[in-house]
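To start, the structure itself, in structure tokens.
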Amino acid sequence: MTQRWRLVAGVCLLMVAGFLGRQFGHRIPELELWIAGQGFIGWIVFVAVAVVLTSIFVPDTVFAVMAGMLYGLWGGTAIITVAVFLAATLDFFLARHWLHGVVRRWMAGQARL
């Protein structure tokens with residue numbers, strides 16, 4: 001991919017993020033209250049969302065900050081530790097068992113690799 005297309009893609013992603021932030025940013029306090037009010041189910045939902053989104057390259061620091069804000073220092077540390085561990089385990093097993101052939105074929109076509 002040329003440098004120009006990377007720049008265009010980056011600008012487009014920033015525009016989408018800005019649009020989504022303006023559309024849904026005011027609902028973040030409602031989401032925080034809903035998750036915090038769910039008790040143990042809120043922990044499970046938070047872990048599931050964190051596992052899925054960190055597996056598709058959303059930084060886990062975002063979820064670490066959210067966990068700290070929602071559940072405090074010790075609760076947030078516990079929940080993000082579980083979420084990151086589960087995400088890493090899931091990603092490892094996906095890469096090892098299901099995506100191994102796909103990556104091998106892709107790398108075979110890449111001369112520099």
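Residue pairs satisfying the side chain to side chain donor-acceptor pair (under 3.5 Å) criterion with at least one member in residues 56-68, sequence neighbours excluded, are absent. For residues 44-68, there are no ring-ring contact (aromatic ring centres under 6.0 Å, His included) pairs, not counting sequence neighbours.
The hydrophobic cluster containing F92 also includes F93, under a criterion of side-chain heavy atoms closer than 4.5 Å among ILVMFWY residues, counted directly or through chains of members. Residues near V102 contribute nothing to a hydrophobic cluster around it, because no ILVMFWY side-chain heavy atom sits closer than 4.5 Å to its side chain. Under a 4.5 Å side-chain heavy-atom cut-off, the cluster of Ile, Leu, Val, Met, Phe, Trp and Tyr residues that includes V65 is completed by M69. In the hydrophobic clustering (ILVMFWY side chains linked at under 4.5 Å, chained through shared members), L14 stands by itself.
Transitive grouping of hydrophobic side chains (ILVMFWY, heavy atoms separated by less than 4.5 Å) brings V82 and L90 into a common cluster. Under the 4.5 Å side-chain contact rule for hydrophobic residues, I56 and I80 share a cluster. Hydrophobic clustering of Ile, Leu, Val, Met, Phe, Trp and Tyr side chains at less than 4.5 Å, counting indirect connections, unites V62 with L70. One hydrophobic cluster, built from ILVMFWY side chains closer than 4.5 Å, cannot hold both L73 and M66; they sit in different ones.
With sequence neighbours excluded, the residues that form a side chain to side chain contact (heavy atoms under 4.5 Å, CB included) with V45 are W34, I41, V49. Checked against side chain to side chain contact (heavy atoms under 4.5 Å, CB included), A87 has the following partners two or more places apart in sequence or in another chain: V51, T54, S55. Under the ring pair (Phe, Tyr, Trp, His ring centres under 6.0 Å) criterion, F85 pairs with no residue at all, not counting sequence neighbours. With sequence neighbours left out, the side-chain hydrogen bond (donor to acceptor under 3.5 Å, both in side chains) criterion links T77 to no other residue.
Across all non-hydrogen atoms, the minimal contact from A83 to V47 is CA-CG1, 4.1 Å.
Atom CZ of R105 sits about 14.0 Å away from atom CD of Q110, to the nearest 0.5 Å.
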